[in-house]
Amino acid sequence: MIAHVDMDSFFVSVELLRRPDLRGRPVIVANGTSARSRGVVMTASYEAREFGVHSALSLAVAHRRCPQAILVPSDMRLYRRASKAVMDIFAEFSDTLEVAGLDEAYLDLSGSIAPKTRAREMKHLVRQRTGLTCSVGLGSNKLLAKIASDLEKPDGLSVLDETEMPDRVDGLSARIIPGVGPKTEQRLSGVGVQTVGDLARIEFELLADAVGRNHARGLQARANGQDGRQLEPVREPKSESRETTFDRDISDLEWLGARIDELAGEVCASLSRGCRAGRTVTLKAKLASFQTLTRSRTLPHHTRDPDEVARLGRELLDVLDAAEPLRLIGIGLSGLRRDGESPPPTVDDGPALRLDLDAA
DNA sequence: TCTGGGGTCCTAGGACCC
DNA sequence: TCTGGGGTCCTAGGACCC
């Protein structure tokens with residue numbers, strides 16, 4: 001039995017621990033400090049959600065929908081500490097824990113005789129030790145557990161059996177299926193798919209024409225509750241990046257170059273702390289028109305030298321030759337390797353493949 | 001009405017190699 | 001002289017997730 005734990009309006013709930021006076025009021029945690037800044041809602045309290053305020057909504061719109069909302073600037077260091085505290089509690093309930101973000105995790109409760117009781121105990125302990133609530137879903141795989149945790153929120157606990165899937169989920173929007181985002185939802189709508197049930201039963205070829213064969217296979221399996229993924233307790237990072245959105249759109253190359261220097265410095269400092277280095281440097285730019293461009297270059301060696309990364313970043317900015325001012329710029333490194341780790345073997349390093357024709 | 005930041009995975013074409 | 005084909009790496013873009 002797999003459990004999926006999802007902390008309830010996590011960032012807001014953590015803020016309320018130090019601002020109890022705000023409890024019961026519409027609260028928004030955002031990366032911007034005013035309704036005029038170019039920010040979005042990171043988390044909205046349930047009181048704010050009543051007004052149609054939700055994650056990723058622009059602050060300008062959020063403010064229009066709920067002018068009385070209290071805007072709290074985000075404090076990621078605090079949320080990371082709180083996250084660590086709750087993950088430590090989860091770890092007391094299972095040896096197999098997959099952290100799936102600051103506010104969610106999967107646990108393997110197969111070793112437990114009464115998983116639902118264990119889950120209830122875990123929710124209790126989280127509330128007792130941290131003052132935070134969470135919603136837990138139980139299922140025979142990650143997908144069912146994840147869907148289950150969404151069925152009763154906040155402070156929920158629900159079990160979703162594969163055989164109950166049609167009864168409890170078929171009528172819900174296909175959007176609850178992981179992998180169905182705004183674009184896929186539109187394409188699905190084009191072939192008459194609105195609900196999970198529609199997706200589960202649509203003729204495969206029709207679905208494949210709409211979203212591609214590969215995607216179609218995965219989506220239809222999920223709509224039927226099937227998911228073969230294992231928990232992944234340890235995940236090696238594959239890339240690391242920093243980006244920043246400006247208060248206003250910028251064309252000044254010298255000024256942009258200075259931002260690249262700063263971002264490269266931050267990425268390299270962080271990689272250094274994690275004893276990692278990368279081979280591919282990627283420059284990301286978002287134009288005033290919102291189009292996103294990337295330019296990348298792969299080095300023959302791994303690096304976390306801020307000067308080298310910044311120099312490459314500036315070169316890539318020249319190559320980019322943007323025709324519009326930029327609203328965002330970012331620098332990332334991928335192809336990461338931990339210090340002392342041998343590079344992945346190339347074909348030449350392996351033993352020669354020998355065909356023993358005589359043996360046949 | 002205006003759209004963050006940090007990630008993952010997938011696709012597709014071209015280069016290159018055997 | 002119309003045609004190899006498979007595998008891997010690199011680059012760019014897109015969708016999605018939290």
Side-chain angles (χ1 to χ4, degrees), chain A residues 4 6-7 9-11 28-33 35-43 52-65 73-74 76 79-80 83 99-105 142 146 149-150 175-188 211-219 222 229 232 235-247 249 263 266-267 270 279-300 316 319-320 327-336 343-348 350 352-353:
Chain A
H4 178 253
D6 199 338
M7 302 303 297
S9 52
F10 187 54
F11 297 171
I28 293 171
V29 169
N31 48 0
T33 48
R36 274 182 306 284
S37 69
R38 285 178 151 176
V40 298
V41 175
M42 298 174 81
T43 309
V53 175
H54 55 81
S55 297
L57 191 69
S58 78
L59 285 185
V61 176
H63 179 72
R64 207 165 308 125
R65 292 190 184 171
S74 61
M76 295 310 295
Y79 312 147
R80 271 191 282 272
S83 177
V99 176
L102 285 182
D103 70 337
E104 65 181 86
K142 288 170 77 171
K146 168 98 179 159
S149 71
D150 252 326
R175 269 306 289 272
I176 71 161
I177 299 297
V180 180
K183 300 285 181 184
T184 302
E185 183 184 26
Q186 261 194 324
R187 286 180 200 148
L188 291 180
V211 303
R213 300 191 79 78
N214 235 341
H215 204 189
R217 257 191 297 275
L219 291 182
R222 268 168 263 168
R229 290 173 303 162
E232 288 183 66
R235 303 201 56 173
E236 286 292 310
K238 308 207 161 162
S239 66
E240 181 155 350
S241 62
R242 290 291 183 280
E243 65 187 52
T244 180
T245 295
F246 316 129
D247 293 338
D249 302 336
L263 295 168
E266 287 176 31
V267 172
S270 173
R279 271 183 69 214
T280 302
V281 176
T282 301
L283 175 83
K284 172 177 169 180
K286 198 181 277 188
L287 307 183
S289 61
F290 230 71
Q291 185 189 7
T292 300
L293 303 175
T294 62
R295 292 293 177 271
S296 65
R297 197 127 116 220
T298 300
L299 296 165
L316 291 168
V319 172
L320 185 74
R327 63 176 288 131
L328 167 151
I329 204 154
I331 284 286
L333 262 92
S334 54
L336 298 188
T346 63
V347 176
D348 291 344
L353 176 67

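As the structure is a computational prediction, the values presented were derived from the model and not from experiment. Excluded from the calculations below are hydrogen atoms, water molecules and symmetry mates; all remaining heavy atoms, backbone and side chain alike, are included.
Within 4.0 Å (heavy atoms only), A:Leu293 reaches sugar-phosphate atoms of the nucleic acid but no base atom.
Between B:dC10, C:dT11, C:dA12, one nucleotide has an atom nearer to the side chain of A:Thr298 than all others, and that is C:dT11.
Side-chain N/O atoms of A:Asn214 include one lying less than 4.0 angstrom from OP1 or OP2 on B:dT11. Phosphate proximity of C:dA12 to A:Ser296: present, with a side-chain N or O under 4.0 Å from OP1 or OP2.
Between A:Ile176 and A:Asp150, the closest side-chain pair of non-hydrogen atoms is not below 4.5 Å. Using a 4.5 Å heavy-atom threshold, the side chains of A:Arg242 and A:Ser270 count as touching. Within the 4.5 Å cutoff, the side chain of A:Tyr79 has no heavy atoms near those of the A:Asp103 side chain. In this structure the side chain of A:Val41 reaches within 4.5 angstrom of the side chain of A:Leu59, judged on heavy atoms. Using a 4.5 Å heavy-atom cutoff, the side chains of A:Arg175 and A:Pro182 are in contact. Side-chain contact between A:Val180 and A:Arg222 is absent, with no heavy-atom pair separated by less than 4.5 Å.
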ask   = What pattern of brackets, bars and dots sums up DNA chain C from 5' to 3', given Watson-Crick or G-U wobble pairs under 3.5 Å, [ ] for crossing pairs and | for another strand?
value = ....||||||||||||||
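The distance between atom CZ of A:Arg297 and atom P of C:dC10, rounded to the nearest whole Å, is 13 Å. As a whole-Å value, the separation of A:Leu316 CG from C:dC10 C1' is 13 Å.
Going from atom NZ of A:Lys284 over to atom OG1 of A:Thr292 covers 6.0 Å, rounded to the nearest 0.5 Å. Taking OG of A:Ser334 as the reference point, atom CZ of A:Arg279 lies at 9.5 Å (rounded to 0.5 Å). The structure places CE of A:Met7 at 12.0 Å from OG1 of A:Thr43, a figure rounded to the nearest 0.5 Å. From A:Thr294, atom OG1 reaches atom CG of A:Leu283 across 8.5 Å, with rounding to the nearest 0.5 Å. With rounding to the nearest 0.5 Å, the separation of NE2 in A:His63 from CG in A:Leu57 is 12.5 Å.
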With the criterion being N/O to N/O and under 3.5 Å, what pairs connect the protein with nucleotides 2-9 of chain B, and how long is each?
unit_1	atom_1	unit_2	atom_2	d
B:dG4	OP1	A:Arg327	NH2	2.6
B:dG4	OP2	A:Lys286	NZ	3.4
B:dG4	O4'	A:Asn31	ND2	2.7
B:dG5	OP1	A:Thr245	N	3.1
B:dG5	OP2	A:Thr245	N	3.2
B:dG5	OP2	A:Thr245	OG1	2.4
B:dG6	OP2	A:Glu243	N	2.6
B:dG6	OP2	A:Glu243	O	3.4
B:dG7	OP2	A:Ser241	N	2.7
B:dG7	OP2	A:Ser241	O	3.4
B:dG7	OP2	A:Ser241	OG	3.3
B:dT8	OP1	A:Lys238	N	2.9
B:dT8	OP2	A:Ser239	N	3.4
B:dT8	OP2	A:Ser239	OG	2.7
B:dC9	OP2	A:Lys238	NZ	3.3

Find every protein N or O atom lying less than 3.5 Å from an N or O atom of nucleotides 15-18 of chain C, and list the pairs.
unit_1	atom_1	unit_2	atom_2	d
C:dC16	OP1	A:Gly181	N	3.0
C:dC16	OP1	A:Thr184	N	2.9
C:dC16	OP1	A:Thr184	OG1	2.3
C:dC16	OP2	A:Pro182	N	3.4
C:dC16	OP2	A:Lys183	N	3.0
C:dC17	OP1	A:Gly179	N	2.6
C:dC18	OP1	A:Lys146	NZ	2.2
C:dC18	O3'	A:Asp103	OD1	2.8
C:dC18	O3'	A:Glu104	OE1	3.4

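Straight-line distance between the P atoms of C:dT3 and B:dC17: roughly 22 Å, to the nearest whole Å.
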